[in-house]
Amino acid sequence: MDANAYKNNVGVFDSGVGGISILHALAQELPRESFVFFGDSANAPYGEKSPSEVLELSRGITERLLGMGCKAIVIACNTATSAAAEHLRAQYPSIPIIGVEPALKPAALSEQGHHGRVLVMATPMTVRLDKFQSLKRRWGKEAEVVSVPCTGLAARIEQGNLDAPDMYELIESLVGEYAGKVDAVVLGCTHYPFVRKQIQSIVGNVPFYDGAKGTARQLRRRLVECGCLEERCKQGAIRFLSSVNSKEELDLYGRFLKMAESI
Ligand code: DGL
């Protein structure tokens, strides 16, 4: 691969299509930047692997993106952020590496002191690891936090066909017991915003939170800090790469980006 193929791009990655929900927010916030998105769909789901496997996969993708000339990395995956962000920052101290975490803070605080009950949906690994556990300790003082490891949901979203009956059945089996019993929902996996409407139809019409906009603002801050914000280009490009290297897969990513406009 050409060392300059994606020179000055922001490299964005996830285990698969989920990170496209973040990619969309990044491109909205920073339309002059060019982005290359790598979906590791051949290895999805990350959330049901071990942290060391996810660290090695994340390291490999980061090396590849930097090797193609990227100036910053966005880990558009809560799971990979928990397992790999600190290690990658230590390995590449001069590169802005931005992660995403469950948006528990705005969800807990927005209950305006009435200490609501917040449902956090995330992958089994995200729920288990320290990063989320310490967020939960911190914001669990402001609201009652119920976290649910949603085994199988990211893998099912990877398959597309998001309105099929089995999608609703899966969501019902994961969080149906909380229907009408929570005040807010945090989507702690970047795949889940693509089924926000389906989750809402089961859990109830409460406010939903995800980390996309916060991640986009953080990327802007970091690019400004390192003096590498794109200011000349009028309109950046968005390009896709995948570990499932087929036209169908890349077309699927394009369809998810289109879908991200309306979620
Ligand atoms: N989209 C990812 C996240 O935000 C991971 C989903 C998966 O591969 O399990 O956690």
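Ligands are counted one by one from 1 in listed order, and the atoms in each one are counted from 1 as well.
Protein heavy atom in closest approach to atom 2 (C) of ligand 1: Cys77 SG, 3.2 Å. Of all protein heavy atoms, the one closest to atom 7 (C) of ligand 1 is Tyr46 N, 3.3 Å.
Salt bridge absent: Arg89 and Glu86 never bring a charged side-chain N and a carboxylate O closer than 4.0 Å. A salt bridge does not link Glu56 with Lys49: none of the charged nitrogens is closer than 4.0 Å to a carboxylate oxygen.
With a heavy-atom cut-off of 4.0 Å, Thr123 touches ligand 1 through its side chain alone. Only the side chain of Ser15 comes within contact range of ligand 1, with a heavy atom under 4.0 Å; no backbone atom does. Of the heavy atoms in Cys189, both backbone and side-chain atoms come closer than 4.0 Å to ligand 1. Within the 4.0 Å heavy-atom criterion, both parts of Asn78, backbone and side chain, lie near ligand 1.
When each atom of ligand 1 is checked for a heavy atom of Gly47 under 4.0 Å away, the hits are 7 (C), 8 (O), 9 (O). Listed by number with element, the atoms of ligand 1 under 4.0 angstrom from any heavy atom of Thr79 are 3 (C), 5 (C), 10 (O). Set against the non-hydrogen atoms of Ala154, the atoms of ligand 1 under 4.0 Å away are 6 (C), 7 (C), 9 (O).
Counting non-hydrogen atoms of neighbouring residues, nucleotides and ligands closer than 6.0 angstrom, the CD atom of Glu63 exceeds 12 such neighbours. Within a 6.0 Å sphere centred on NZ of Lys213, heavy atoms belonging to other residues, nucleotides or ligands number 12 at most. For Asp130, the CG atom counts as loosely surrounded, since its 6.0 Å shell holds 12 or fewer non-hydrogen atoms of other residues, nucleotides or ligands.
Each of Phe240, Phe194, Phe37 was compared with Phe256 under the ring-ring contact (aromatic ring centres under 6.0 Å, His included) criterion, and only Phe194 meets it.
For the ligand labelled ligand 1, residue Pro45 lies inside the 4.0 Å heavy-atom shell.
A donor-acceptor pair under 3.5 Å is absent between the side-chain atoms of Glu101 and the main chain of Gly211, judged by distance alone.
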